[in-house]
Amino acid sequence: MGSVKREVLLGIALKFLLVIQSSCAGAAPSNQRICKSNNDDDDSMYYPPVQLHELEDHVVLDNGILNVTLSTPGGMVTGIEYNGIDNLLDYNNEENNMGYWDLVWSSPDHPHDVFDKLDGTNVYVVIEDESQVELSFVRMWNSSQTGLSLNIDKRLVMLRGCSGFYSYAIFERLEGWPDVNISQGRIVFKLQQDLFQYMAVSDDRQRIMPTSEDRKYGLVLDYPEAVLLTNPANEFLRGEVDDKYQYSSENKDNRVQGWICSNPPTGFWIITPSNEFKNGGPVKQDLTSHAGPIALSMFFSTHYAGAPLILEFRHGEPWKKVFGPVFIYANSAAQGEDPLTLWTDAKEQMLAETESWPYDFPLSKDFSFAEQRGSVTGRLLVRDSYISAERLIAGSSAFIGLAPPGEPGSWQQESKGYQFWTEADEKGYFTINNVRAGNYSLFGWVPGFVGDYKYDAEISILPGCKIRLGNLIFDPPRNGPTLWEIGVPDRTAAEFFVPDPNPTLMNQLYISESNNRFRQYGLWDRYTDLYPDQDLVYVVETSSFQTDWYFAHVNRNIGNKTYIATTWKILFNLTSVDESANYTLRLALASAHEAELQVRINDETMIVPSFTTGLIGKDNAIARHGIHGLYWLYSIGIPSSCFLSGDTNVIFLRQSRGSGPWSGVMYDYIRLEAPSPMNN
Ligand SMILES: *[C@@H]1O[C@H](CO)[C@@H](O)[C@H](O)[C@H]1NC(C)=O
Ligand SMILES: *[C@@H]1O[C@H](CO)[C@@H](O)[C@H](O)[C@H]1NC(C)=O
Ligand SMILES: *[C@@H]1O[C@H](CO)[C@@H](O)[C@H](O)[C@H]1NC(C)=O
Ligand SMILES: *[C@@H]1O[C@H](CO)[C@@H](O)[C@H](O)[C@H]1NC(C)=O
Ligand SMILES: *[C@@H]1O[C@H](CO)[C@@H](O)[C@H](O)[C@H]1NC(C)=O
Ligand SMILES: *[C@@H]1O[C@H](CO)[C@@H](O)[C@H](O)[C@H]1NC(C)=O
Ligand SMILES: *[C@@H]1O[C@H](CO)[C@@H](O)[C@H](O)[C@H]1NC(C)=O
């Protein structure tokens, strides 16, 4: 049952090597790869060969730097021996609860979410030589089974001289297989809590973390993930809030994160060398490491976005996607050396891994090597004659990406395909490298401008192609000159007023004036403290959005867990109303959760609002301390007859769905445009 299939393995390994040699002409054969480690000494000859030891129901991979133990054929990581520590993982847990892949799915037969740890039923040795061992833990589906209609192939790779190991997976559905929803996919590692107490998710977000006992003996706040630490073992943590959602990151920023043990100085890191396999694009947020101590690699989820990101398979849709590899990196420092140097070293390793992407060693035929990929270059320019009448504006720092074909902006709700994103330079030039062969739309957006860009034609990437698109012109939505604006069009609410947290519900990490203050717990209720009975009023001539525009349009807490709808007012003067045509209100939202935003002009009592979004959003970004969720843009025509000439006008913004603390919207940016003089 647990025995490793050796006959099969030879065939598979040979076949795969052949594939590699034919497609990577001129490239170094994969078995000569030299691991780019942080060691000055880069020659793999000095490192012992990788060895695979087969035990009754386990295998151990050993490269002299670390040993990794996996269950067979399940493929659960049950041991990581490193730096004199027998097991970095929490060996008090069950065997399938230390290091594992999992998916969350549902189907007509299983309507409730199933947490599936993807136990393999067969294990294959894909390659076993001195420089690389690759294992494949497989679970195949067939139509005589119920359950998740998906073939699972979990891979684990250990290279010679590499202080860590790689994991990736190939998930596949064949045509005609039954309906299924898959809402989440990830790798989880549960570390020993006696060892790992310090967590780092970025340069400015790292700290000593509470233990799971600290959480257990604390006070659960408004949802189970948020706990007030009333009784922590470490006095330093008393009175703080711990909530895993306070450590979320955007895909583009989640490149290395993990844990540090101070004695012996040891680090455990998850390094993500590419975001191509993640869902929802570069600013999709997701969980990272958090109290437990848990180290996570989230591949896709509905977090900060909602149901549209569920992978729904209907009508027998076939599908295949490679997730990863990600690198699980272990590092160590000399006794007495500052353990924080491990963070610095992990960042260097992340850069080295990123540079060697796409990797040349994974042996799944579905992994795409550098030679099988193509690139796209160009320059994005913005045409907005109300900002620059004569010249096109450089698409400075624009986000440009290739994603499965769709409408402008569709990438933010896309989970099935691959996405390739880059940031343009200050002149708008961009290069997207290492794109897998296939057909894509080219999407983009430019900080400082509303709306989504999409290139007219579909882009077909062939192996080795270099597509030069030249100058691309983005016409952001615009009907006339700006009368006034609130905020900055950048898809977040970060520039608005973010209050101090309730002093009894703080996370020390986010107290200082940093750009992370929105990550505090309970800010939704601070609105009621600041606006106990009157709602927010913004006077265009005298208010400033940094201090006078609350970052989230939330409900008022009137006590006893009752929340009521609120109406914000924007006051402004129009010296003379242009009767010729419509004014345009651009309403860009950075987030919406179970919300309905209604717009009324100069008459709050209108039963039918001038405009309503209808019920929108389920990104839960208010509860989960995200400063944005999905992006929404509304362009609302307002007949000039609605406005008063030479007098104060009022726009009423009502979020009409009261009900709870977390329903509401975050604004990205609001602009009122006059009718275009050119239409006269
Ligand atoms: C790996 O396991 C072998 C056999 O038990 C042991 O001799 C070796 O020291 C271990 N290596 C590491 C890096 O822990
Ligand atoms: C799958 O997801 C869709 C959309 O989220 C939902 O309407 C449907 O009920 C789900 N189906 C199952 C079986 O969970
Ligand atoms: C289908 O899966 C079942 C359960 O794993 C297995 O017993 C059976 O042999 C499989 N049938 C085929 C045709 O592969
Ligand atoms: C891409 O589109 C072209 C033309 O529409 C089509 O022939 C080709 O099969 C597509 N390629 C892929 C990988 O879907
Ligand atoms: C609070 O709400 C509960 C349930 O809705 C109700 O039974 C209770 O009387 C309310 N208490 C106060 C003080 O209003
Ligand atoms: C509008 O103009 C009037 C008259 O100049 C002035 O009294 C009022 O304060 C102004 N209102 C706003 C909102 O600026
Ligand atoms: C003005 O806006 C109204 C309401 O949105 C719309 O029905 C009308 O067609 C617009 N008129 C013009 C001239 O654009």
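One-based numbering, in listed order, for ligands and for the atoms of each.
Atoms of ligand 1 found under 4.0 Å from any heavy atom of Leu66, numbered from 1 in the order shown, are 13 (C). The Ile65 neighbourhood of ligand 1 comprises atoms 13 (C), with distances under 4.0 Å to a heavy atom of that residue. Listed by number with element, the atoms of ligand 1 under 4.0 Å from a non-hydrogen atom of Gly64 are 13 (C).
A side-chain donor from one of Asp345 and Asn331 sits under 3.5 Å from a side-chain acceptor of the other. Side-chain atoms of Glu134 and Tyr124 form no donor-acceptor pair, as typed in the model, at a separation below 3.5 Å.
There is a protein heavy atom closer than 4.0 angstrom to atom 11 (N) of ligand 1. Distances from atom 7 (O) of ligand 3 to the protein include no heavy-atom value under 4.0 Å. Under the 4.0 Å distance rule, the nearest protein heavy atom to atom 14 (O) of ligand 3 falls inside the cut-off.
The protein non-hydrogen atom at the shortest distance from atom 2 (O) of ligand 3 is Asn142 ND2, 2.5 Å. The protein heavy-atom contact nearest to atom 4 (C) of ligand 3 is Gln145 NE2, 3.5 Å. Asn67 ND2, 1.4 Å is the protein heavy atom nearest to atom 1 (C) of ligand 1.
Annotation: Glu81 places an N or O atom under 3.5 Å from an N or O atom of ligand 1; distance criterion only. The shortest N or O to N or O distance between Ser460 and ligand 4 is not below 3.5 Å.
Closest heavy-atom contact between Val201 and Gln257: CA-CB, 3.8 Å. Between Phe420 and Arg436, the shortest heavy-atom contact is CZ-N, 3.5 Å. The nearest pair of heavy atoms linking Pro325 to Pro362 is CG-CG, 3.8 Å.
Of all the heavy atoms of Met140, none lies under 4.0 Å from any atom of ligand 3, so neither backbone nor side chain is involved.
Formation of a donor-acceptor pair under 3.5 Å by the Lys278 side chain with backbone atoms of Phe323 is not found in this model. Judged by distance alone, with hydrogens and angles left aside, the side-chain atoms of Thr272 form no donor-acceptor pair with the main-chain N or O of Ser274 at under 3.5 Å.
Using a 30° and 60° split on the angle between ring planes, Phe399 and Trp445 fall in the parallel class, below 30°.
Residue Gly84 places every heavy atom at 4.0 Å or more from ligand 1.
For the atom pair Leu311 CG and Arg173 CZ, the distance stands at 10.0 Å (nearest 0.5 Å).
Nearest to atom 3 (C) of ligand 4 by heavy atom, out of Asn439, Ile459, Ile461, Leu462, is Asn439.
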